[in-house]
Number of protein chains: 2
Amino acid sequence: MTKTADQRRGEERILYDAFMAACPTRQVFATIGDKWAGLVVNALADGPRRHGELRTRIAGASQKMLTQTLRTLERDGLVTRTVTPSVPVRVDYELTPLGHTLVPILAALKGWAESNIGDILQSREDYDAKVVAA
Amino acid sequence: MTKTADQRRGEERILYDAFMAACPTRQVFATIGDKWAGLVVNALADGPRRHGELRTRIAGASQKMLTQTLRTLERDGLVTRTVTPSVPVRVDYELTPLGHTLVPILAALKGWAESNIGDILQSREDYDAKVVAA
DNA sequence: CAGGATCCCATTCGATACTG
DNA sequence: CAGTATCGAATGGGATCCTG
């Protein structure tokens, strides 16, 4: 009976896993909270884009990450992928209706971020200054 | 002149770094898009909590991650950390006014997730079925 | 009770090279 | 042009032990 605490942790962890598996928010967060997904959705917000266009618009994303992100979004039904089998293949990505409903949410988040980034940066400076002093 | 493409990538990367450094949304996302930060903010939405309470409410977060997340949120000025030097130390965490303004945004995201999780899960099933078939 | 310090495994992501 | 495959570095995150 000495490991009661540890055992409890283990049980909590199992409960947590079950809870998480059923938690919609986290599952969704796993996709759209992704490093690139938000940028991609924004880049697609005002119309379809070709793969190459996205690479340009989201300069900095490696081709690997871009493809990977697009696959995830496609899997979740947020974007469609349309292949036109011409001579150099052409692939277009476009937001689905569901994907479009996400845009305002992201916009709200973006708005909040832009409104409060000043305070946050200031807070970080203060905090870091205090830590150095301590 | 043969490595033009590579060089362009490198230049894009530098521009990207500069852009990212100045992009408020991404900086904020780095904090609140974190695996645990959202849960913590939610757990604090309706009042201050002690460290131990948070551990219980967010069962599954290791103590390390909880502390780390709280530190980040504190640094960003979203929560306050109050130490009461009693015999067993007591530490309370509470959302700042700024932190509270984030709650509705998170709630919107949560609402969207809960509304659309069904479609998303269905889409994943369909997608996976197609992949297996291919 | 709160949380710092370590160890260590799993995943992420970028760079590079290759295919249709 | 779009995408896949592989490798290696970096990071995230959990388990454990220790302090005030």
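Below, each value reflects all heavy atoms present in this structure, side chains not excepted, and no hydrogens, waters or symmetry copies.
Between A:E53 atom CD and D:dA2 atom C1' there is a gap of 13 Å when expressed in whole angstrom units. Between B:E74 atom CD and C:dA2 atom P there is a gap of 15 Å when expressed in whole angstrom units. The CG atom of A:L39 sits 12 Å away from the P atom of C:dC13 (whole-angstrom rounding). Between B:H51 atom NE2 and C:dG3 atom P there is a gap of 5 Å when expressed in whole angstrom units. Between B:Q68 atom CD and D:dG14 atom C1' the separation is 11 Å, expressed in whole Å. For the pair B:L66 CG and D:dG12 P, the interatomic distance rounds to 17 Å; values are reported in whole Å. Rounded to whole Å, the distance from CZ on A:R49 to C1' on D:dA2 is 18 Å.
OP1 or OP2 of C:dG3 lies within a sub-4.0 Å distance of a side-chain N or O belonging to B:R81. Regarding contacts with the backbone of C:dT11, every side-chain N or O of A:K35 stays at 4.0 angstrom or more from both OP1 and OP2. Contact between the side-chain N/O atoms of A:R50 and the OP1/OP2 oxygens of D:dA2 is found at a separation under 4.0 Å.
B:T31 has its side chain out of reach of A:I120: every pair of non-hydrogen atoms, C-beta onward, lies at least 4.5 Å apart. Proximity of A:L54 to A:L70: side-chain heavy atoms (C-beta onward) are separated by under 4.5 Å at one or more points. You'll find the side chain of A:N116 reaches within 4.5 Å of the side chain of B:L98, heavy atoms only. Contact of the A:V40 side chain with the A:I58 side chain is registered, since non-hydrogen atoms from C-beta on lie closer than 4.5 Å.
Comparing atom distances between the B:M65 side chain and each of C:dC13, D:dG13, C:dC1 picks out D:dG13 as nearest. Among the nucleotides C:dC13, D:dA2, D:dG13, the one closest to the side chain of A:D34 is C:dC13. When the nucleotides D:dG14, C:dG14, D:dG3 are ranked by their closest atom to the side chain of A:W36, C:dG14 comes out on top.
Mapping B:P88 and A:D92 onto DNA chain D by nearest heavy atom places A:D92 at the nucleotide closer to the 5' end.
Nearest heavy atoms, A:G77 versus A:T96: O-OG1, 2.8 Å. Considering all non-hydrogen atoms of both residues, A:W112 and B:T101 come closest at NE1-OG1, 2.9 Å. In terms of heavy-atom proximity, A:Y93 sits nearest to A:R71 at OH-NH1, 3.6 Å.
Note: B:R26 CZ to A:W36 CH2 = 6.5 Å, rounded to the nearest 0.5 Å.
Within the helix from C:dC1-D:dG20 to C:dG20-D:dC1, the inter-axis angle between the opening and closing five-pair segments is 40°, rounded to 10°.
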Could you pull out the protein-nucleic contacts involving nucleotides 4-11 of chain D (nitrogen or oxygen on both sides, under 3.5 Å)?
| from | atom 1 | to | atom 2 | distance (Å) |
| --- | --- | --- | --- | --- |
| D:dT4 | O4 | A:Q63 | OE1 | 3.3 |
| D:dT4 | O4 | A:Q63 | NE2 | 3.1 |

Would you mind writing out the side-chain donor-acceptor pairs for residues 42-51 of chain A within the sub-3.5 Å range, not counting sequence neighbours?
| from | atom 1 | to | atom 2 | distance (Å) |
| --- | --- | --- | --- | --- |
| A:D46 | OD1 | A:R49 | NH2 | 3.4 |

